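All values below were derived from every heavy atom in this structure, side-chain atoms included, with hydrogens, water molecules and symmetry-related copies excluded. Since the model is a prediction, treat every value here as computed from it, not as a measurement.
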2 protein chains.
Amino acid sequence: MLKLTKKADYGLMALKYLAEHPETPALSAKDVADAYGIPAQLLAKILQLLTKNGLLRSHAGMNGGYALARDARQISAYEVILAIDGPFFITSCIKGAKSCELTPSCTIKEPLARVNDTIAGVLKSISIQDLAEHEQPAARAHGDRVQAAHGLVALTL
Amino acid sequence: MLKLTKKADYGLMALKYLAEHPETPALSAKDVADAYGIPAQLLAKILQLLTKNGLLRSHAGMNGGYALARDARQISAYEVILAIDGPFFITSCIKGAKSCELTPSCTIKEPLARVNDTIAGVLKSISIQDLAEHEQPAARAHGDRVQAAHGLVALTL
DNA sequence: CTGAATTCGGACCGAAGAAGTCGGATATTG
DNA sequence: CAATATCCGACTTCTTCGGTCCGAATTCAG
């Protein structure tokens, strides 16, 4: 449990691949799929999702394909996962809805919501660029929740 | 995505409930299930799992039931989730297996493995006790990866 | 203009896992 | 013995994930 879907994995891989090939104006879904052995049709739909969410720019027609909509540093893993799998919450009971439908006594999620935020913070601190140069990803400052400090991230818990 | 199963939720709730009732020698699965409106038979199996993994002590027969095997402070949310849902890895490709079977070029997981460790660290730092007294859970020191410091946890990334 | 390459978008399907149920065996106590 | 429990495996149901297929619309090259 607690694992990413393959689609999210594929999406991250594809973005990483695009980030590694900044010279080419656009890469087709097939290009990327072949590079990783991913089913092309599936990846196509994933890339469509990413473009719809503003992470990629698409261009149809011959020599068309996809390209990053922003600099690789400006795209976080969080955004990618969010775009592909939708909003995630570590607790089954969605935080937005007023408490648990049938289990109002579920006081568990309050502390777990904090864990959820922590995970989101970590994911937000990782950019596609970090994945591309797969050395130690330098943690980036992000709001007041995550702050870079000598190569480690301080998370308020 | 990235959410706990209901079973894990139930397990955490049950342990929390037990932690809140230290006076009683044992609580039956039905007792806990009724308290939260959880299907009793399902919770029963979950509690069995937890006993099998040494988190609970069980006692059959009349006035039997379950009790925490250790102090609530000595049981981490991580252990509970691990016992119920098995080992989790954020990446689809299991870290143990030698790389990705068909996609050897999956360099994504290396950075994500670090995220995985981070999540595990946070989960390990939360005890059942923290859930029971659902105030700010005091972060506990844990290994050299997670270190408590003025109410916040420092995580090496 | 025609055709190839490519994105787009929906419908569809099979497999896997999650959630929950059922039934029976065993242990413990009164 | 009877009531209360844990124990344990098999089974159903439901949802989601992973993946495929097909029929468009778009763009470019010749």
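- Where A:Thr51 and B:Gln41 each meet DNA chain C at their nearest nucleotide, the meeting point lying more 5' is that of A:Thr51.
- Remark: B:Ser58, B:His59, B:Ala60, B:Gly61, B:Met62, B:Gly65 in residues 54-65 of chain B come within less than 4.0 Å of DNA chain D through at least one heavy atom.
- Note: B:Leu112 CG to A:Leu123 CG = 7.5 Å, rounded to the nearest 0.5 Å.
- Listed by residue number, the members of residues 21-31 of chain B with any heavy atom below 4.0 angstrom from DNA chain D are B:Ser28, B:Ala29.
- Comparing D:dG18, D:dC7, C:dA18 against the side chain of A:Lys6 picks out D:dG18 as the nearest.
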Please report the C-alpha distance between A:Leu15 and A:Leu56 in whole Å, then the side-chain angles of each, then the deciding distance to 0.1 Å, and finally whether the side-chain contact (heavy atoms from CB on, under 4.5 Å) criterion is met.
CA-CA 9 Å; A:Leu15 287 194; A:Leu56 289 179; 3.4 Å; yes

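- Whole-Å rounding puts the A:Ile46 CD1 to C:dC8 P distance at 14 Å.
- Closest non-hydrogen pair, B:Ala44 versus B:Tyr66, comes out as O-OH, 4.0 Å.
- Ion pair A:Arg70/A:Glu79 flagged as a salt bridge, since at least one NZ, NE, NH1 or NH2 atom sits closer than 4.0 Å to an Asp/Glu carboxylate oxygen.
- Of the candidate nucleotides C:dA19, C:dT21, C:dG20, C:dA19 has the atom nearest to the side chain of B:Thr5.
- For A:Tyr66, the listed nucleotide lying nearest its side chain is C:dT7; candidates were D:dG19, C:dT7, C:dA18.
- When distances are taken from the side chain of B:Gln48 to each of D:dC7, C:dG20, C:dC22, the shortest belongs to D:dC7.
- Qualifying side chain to side chain contact (heavy atoms under 4.5 Å, CB included) partners for A:Ala72, counting only residues two or more places apart in sequence or in other chains: A:Ala19, A:Leu68, A:Ile128, A:Gln129.
- For residues 31-49 of chain A, every residue pair satisfying the salt bridge (Lys or Arg N to Asp or Glu O under 4.0 Å) rule, not counting sequence neighbours, is listed here: A:Lys30-A:Asp34.
- Judged as a salt bridge (Lys or Arg N to Asp or Glu O under 4.0 Å), not a single pair has a partner in residues 47-60 of chain B (not counting sequence neighbours).
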Pick out the pairs of N or O atoms, protein on one side and nucleotides 10-13 of chain C on the other, that lie under 3.5 Å.
| residue | atom | partner | partner atom | Å |
| --- | --- | --- | --- | --- |
| C:dA11 | N6 | A:Lys45 | NZ | 3.1 |

